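What follows is a single structure, written as C-alpha cells, with notes after it.
Just so you know, these numbers use all the heavy atoms, side chains as well, and skip hydrogens, waters and symmetry mates. From a predicted model like this one, the values you see are computed outputs, not experimental measurements. All chains are named by letter (A, B, ...) in the order of the sequence lines, taking the proteins before the strands, and each is independently numbered beginning at 1.
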Amino acid sequence: MAYHLCSSPSSRPPHDHPLFCNSLSPPFSLKPTPFRPSLTLKHSMHPFSLHSRTSLQIGRVSVQDPISEDTQNSNSSEFPNSDEKISSSSKSYIWVNPRSPRASQFRRQSYDSRYSSLVRIAESLNSCNPTEDDVFSILVGLGEKIVEQDGVVVLNNMSNPETAPIVLKYFQGKLKLSKEVILYNVTLKVFKKCRDLDRAEKLFDEMLQRGVKPDNVTFSTIISCARLSSLPKKAVEWYEKMSLYGCEPDDVNHAVMIDAYGRAGNIDMALSLYDRARAGKWKIDAVTFSTLIKIYGMSGNFDGCLNVYEEMKALRIKPNLVVYNTLLDAMGRAKRPWQAKSVYNELIKNGFTPNWATYAALLRAYGKVRYGEDGINVYREMKGKGMELNVTLYNTILAMCADVGYIDEAVEIFEDMKRSETCKPDSWTFSSLITIYSCSAKVLEAEAMLNEMLDVGFEPNIFVLTSLIQCYGKANRTDDVIRTFNRVLELGITPDDRFCGCLLNVMTQTPKEGLSKMTNCIEKANSKLGYVVKLIVEDENVEREIFRREAHQLFNSISADVKKAYCNCLIDLCVNLNMLERACELLDLGVTLEIYMDIQSKSLTQWSLHLKSLSLGAALTALHVWMNDLSKALENGEEFPSLLGINTGHGKHKYSDKGLAAVFESHLKELNAPFHEAPDQVGWFLTTKVAAKSWLESRCSPELVAAQILPS
DNA sequence: GGTGAGCTTA
C-alpha cells in the first residue's frame with residue numbers, strides 16, 4: 001500500500017513578506033514555552049549525574065535517515081504469564097494418595113469447580129437488588145459448609161459497591177473469622193474498582209469500630225482508590241496516616257505512592273521516595289520506572305528521564321514497551337527528535353513491536369520540531385505494515401501535518417481515513433484540517449471543510465473558530481473576522497488566552513481602517529488586553545509609566561504559554577503604527593519579566609543578538625536597541641570582541657518561507673550594516689570588530705537610526 | 001486480599 005506524496009514542502013510558493021506594511025505577518029507561534037520546573041530536582045545519590053551523557057545521547061541521528069525498517073522481529077515474551085495465583089485450599093471429599101501425581105491435578109480440578117461456582121455467585125450478586133433479602137438468598141446457595149476463603153473469592157470477584165457490604169455482613173454473621181481484615185480488604189477492592197472513595201473511607205471507619213486492625217494491604221487499596229478517583233492528595237493523606245495505625249509502608253505502598261505523589265504534583269516527594277527505595281534496596285519494577293520517567297518528563301527534566309532509563313538498565317531491570325513509549329514521549333516533549341529516534345531504534349533492537357502509542361509518540365516528537373518527512377515516514381511505515389489506524393493516530397498525523405504545513409499530504413491522509421472501515425473523522429480531525437487551510441489563508445477550502453464538519457453533525461468549537469479567525473485575518477477579511485467573533489459569543493463560548501492572542505495577531509495584519517473594529521472585539525474578549533491595545537491605537541499621549549504599568553498587569557494576568565505571543569504582537573502593533581518608543585518599552589518589559597530570555601549576549605570573543613522566536617517587529621526593535629547599546633559601548637571606549645553576530649534562527653517557520661533571516665538580510669543592507677550571512681552557520685549574520693566600529697562611527701546620532709528603521 | 005501504563009488540536 002504505497003503512499004504517494006503529492007508535493008514537497010519546498011514546492012510551495014514563497015510567502016509574500018514585505019518589510020513594513022500592513023501585511024507584516026509575524027509567524028504567529030503559539031507554541032508553549034518550555035516548562036520550567038519550579039523545583040530543582042536534586043538527586044545527589046544517583047549513580048549517574050543529571051548531566052552525564054547516556055547511551056541515548058550519543059550522536060545525533062540525521063533527519064534524513066530513514067526509519068529502520070527492521071521491525072519485523074517478533075516480540076520475545078519478556079514476562080511469561082504466571083497463571084499460578086490461585087492457591088488450592090479447598091477440601092476434597094474423595095481420598096487420593098497425596099503423593100500420587102494425580103493428587104495435585106485432582107485438587108486443582110476440584111478447586112477450580114468450586115472457584116467457578118463462587119465466581120458465578122459473585123456475578124449474580126453484582127446484578128441483584130442491594131437488599132439483605134435478595135443478597136442473602138443468593139448466598140444461601142453456597143450451602144452450610146462455607147469457609148472464610150469463599151467470602152474472599154466471592155467479594156474479590158464483585159464489582160457492585162451497593163451489594164458488596166451486604167455480602168461482607170453475611171459472612172461476618174455466618175463465620176467466626178480468623179482473618180477479618182482480608183474480607184474488609186477485598187470489599188475495599190470493590191470500592192476501588194468503582195472509584196468510590198467515600199464508601200471506602202466509611203468502611204475503613206467501620207472496621208476500626210469493630211476492632212479490626214488495618215494492614216498494609218488495606219492502605220494500598222484505599223490509596224490506590226484515591227488515585228484512581230483522581231484525588232492524589234487524598235492518596236498522600238492516607239499514606240501519611242499509615243503510621244498512626246501501626247503500619248510501616250512496604251515496597252508496594254512505596255510504588256503506589258511514587259505514582260500518587262507524581263500525580264499530586266509533589267515531584268520532590270516522589271523522587272525522594274525513589275531515593276529511599278534505592279537506598280533501602282526495595283524492589284522497583286519496570287512500571288514504577290516508567291512512572292518515574294513520566295514524572296521527570298512532566299517536570300521538564302528530560303535528562304532526568306534518560307538517567308532513570310540508564311539506572312534501570314544498570315539495576316538489570318528490563319525495560320518494557322511502556323517504558324520505551326514513555327521515554328519516547330518525553331523526548332518528543334523535550335524537542336529532541338534525534339533522541340526519540342534512538343529510543344525507537346533501541347526498542348526495535350530489543351525485539352519489541354511498536355504499538356499505536358509508540359507511533360503516536362514518534363509522530364508528536366517529529367511534528368513538534370517540524371520534521372515533516374520523518375513524520376510522513378512514520379505514517380508510511382504504519383500503512384506499510386498494514387496497521388489499522390485509529391482516530392487518535394489519524395488525528396495525531398494530521399496535527400503533525402498542520403505543524404509542518406503539509407496541505408496535500410493532509411488531504412490525502414484525510415481521504416485515506418474516510419475510506420477506512422474502522423474509524424470516522426471526529427471534531428478533532430476537522431479542526432486540524434481547518435487549521436491547516438487557515439494557516440495558509442485558504443479561505444474557500446477552510447470554509448468547505450467547516451461545512452463538511454457541520455454536515456456530519458459537529459458543532460464548531462473554540463479551536464475551529466480560532467483557526468477561522470486566523471484564516472480571515474490572513475486573507476485581510478476583517479468583516480468576516482468580526483462575524484466569526486460574534487458567532488463565538490453567540491455560541492456562548494468563552495474566549496480563552498489563545499483565542500485573544502489570535503485576535504491580537506490578526507490585528508497586527510489589519511489595515512489601519514479596520515483597527516477600531518478589532519479593538520472593539522478584543523475589548524469584549526479580554527478587557528485588560530483591550531485596554532492596552534486601546535492605549536496603543538488610540539492614545540498617543542498616555543504617559544510612559546502608565547502604559548508600562550497596564551502592560552505589566554496584562555502580562556501578569558495571562559497564562560505563561562501565550563506571554564511571548566502577546567508581547568510579540570503588541571510590539572508589532574506599535575511598530576506598524578510608528579511607535580518605536582512604545583515598542584522599546586514593551587521589549588524592555590518583556591526582558592524584565594523574562595518573557596524574552598538572553599536577547600543580547602557577550603563573551604570575550606563575540607557579542608551577539610539572538611532574535612529567534614521574536615516577531616519581525618520585536619526583532620527590529622531589538623536590533624535598534626542593540627545598535628544603540630553598541631554605540632554607547634563605543635562612546636565609552638569599551639573593548640570590542642573580534643566578532644559580532646546576529647542570530648535570526650533558521651527561519652523555517654511553517655507557512656512562511658521567508659523567515660526573519662531573509663527579511664534581515666535586506667534590512668541590514670538598507671542600513672549599510674556590515675553584517676554578512678555566515679556560510680557555515682545557518683541564520684547567523686556576522687561582522688568583525690573593525691567593520692562594526694567603523695560602521696557605528698559613520699552612523700549619525702541614535703535618534704536618526706530610529707527613523708531609519710521605521711516605515712516611510 | 002494490595003501498585004500499575006501510554007491519547008491528541010489553535
Flag the pair A:F463 / A:F430 as yes when their ring centroid distance falls below 6.0 Å, and as no otherwise. no
Roughly, in whole Å, what's the span from CD1 in A:I462 to P in B:dA10? 13 Å
With a 4.0 Å cut-off on heavy atoms, is A:D496 in touch with a base, just the backbone sugar-phosphate, or nothing at all? base
Ignoring hydrogens and angles, does a donor from either the side chain of A:S220 or the base of B:dG2 sit under 3.5 Å from an acceptor on the other? yes
Any A:K294 side-chain nitrogen or oxygen under 4.0 Å from OP1 or OP2 of B:dA5: no
For the side chain of A:A399, starting at C-beta, report the closest nucleotide among B:dT9, B:dG4, B:dG6. B:dT9
Winner on side-chain proximity to A:S467, out of B:dA10, B:dG2, B:dT3, is B:dA10
Atom-pair distance (CG on A:L347; C1' on B:dG6), nearest Å: 13 Å
Euclidean distance, atom CZ of residue A:F289 to atom P of B:dG6 [Å, nearest integer]: 17 Å
To the nearest 0.5 Å, what is the distance between NZ on A:K192 and OG on A:S229? 10.5 Å
Identify whether any heavy atom of A:N156 sits under 4.0 Å from a base atom; if not, whether one sits that close to sugar-phosphate; answer base, sugar-phosphate or nothing. sugar-phosphate
Whole angstrom value for the distance that separates P of B:dG2 from CD1 of A:I223: 15 Å
Base, sugar-phosphate, or nothing for A:A255, non-hydrogen atoms under 4.0 angstrom? base
In whole angstroms, how far is the C1' atom of B:dG4 from the CG atom of A:L292? 13 Å
Reckon A:N461 touches a base, only the sugar-phosphate, or nothing at all at heavy-atom distances under 4.0 Å? nothing
Quick one: is A:R227 getting a side-chain N or O under 4.0 Å of the B:dA5 phosphate, OP1 or OP2? yes
So does A:K283 have more than 12 non-hydrogen atoms from other groups sitting under 6.0 Å from NZ? no
Between B:dG6 atom C1' and A:Y344 atom OH, what is the distance in whole Å? 16 Å
Taking donor-acceptor contacts at under 3.5 Å, does the side chain of A:D250 reach the base of B:dG2? yes
Considering only heavy side-chain atoms of A:R364, the closest of B:dC7, B:dA10, B:dG4 is B:dC7
Residues which pass ring-ring contact (aromatic ring centres under 6.0 Å, His included) with A:Y184, listed by chain and number, not counting sequence neighbours: none
Whole-Å distance, A:N390 CG to B:dG6 P, equals 16 Å
With a 4.0 Å cut-off on heavy atoms, is A:T392 in touch with a base, just the backbone sugar-phosphate, or nothing at all? base
Assign A:D329 to base, sugar-phosphate, or nothing according to its heavy-atom contacts below 4.0 angstrom with the strands shown. sugar-phosphate
Does A:T466 contact B:dA10 through a side-chain donor or acceptor facing the base, at a distance under 3.5 Å? yes
Any donor-acceptor pair, under 3.5 Å, between the side chain of A:N505 and the base of B:dA10, if you only look at N and O atoms? no
Looking at A:D251, A:T221, A:D250, which hits side chain to side chain donor-acceptor pair (under 3.5 Å) with A:N216? A:D250
Answer with base, sugar-phosphate or nothing: what part of the nucleic acid does A:V252 contact at a heavy-atom distance below 4.0 Å? base
Expressed as a whole number of angstroms, how long is the span from A:L321:CG to B:dC7:P? 12 Å
Can you tell me which nucleotide in B:dG4, B:dG2, B:dA10 comes closest to the side chain of A:K189? B:dG2
A:T435, nearest nucleotide to its side chain (from B:dG2, B:dA10, B:dG6): B:dA10
Under-4.0 Å side-chain N/O to phosphate OP1/OP2 contact, A:T396 with B:dT9: no
With a 4.0 Å cut-off on heavy atoms, is A:R263 in touch with a base, just the backbone sugar-phosphate, or nothing at all? sugar-phosphate
With a non-hydrogen cut-off below 4.0 angstrom, is A:S224 in contact with a base, only sugar-phosphate, or nothing? sugar-phosphate
Between A:A260 and A:P232, what is the shortest heavy-atom contact and its length? O-CB, 3.6 Å
Could you tell me which residues satisfy salt bridge (Lys or Arg N to Asp or Glu O under 4.0 Å) with A:K563, sequence neighbours excluded, listed by chain and number? none
OP1 or OP2 of B:dT3 less than 4.0 angstrom from a side-chain nitrogen or oxygen of A:K192, does that happen here? yes
Taking any heavy-atom pair under 4.0 Å as a contact, classify A:D251: base, sugar-phosphate, or nothing. nothing
Under the 5.5 Å and 30° test, is A:W428 stacked on the base of B:dT9? yes
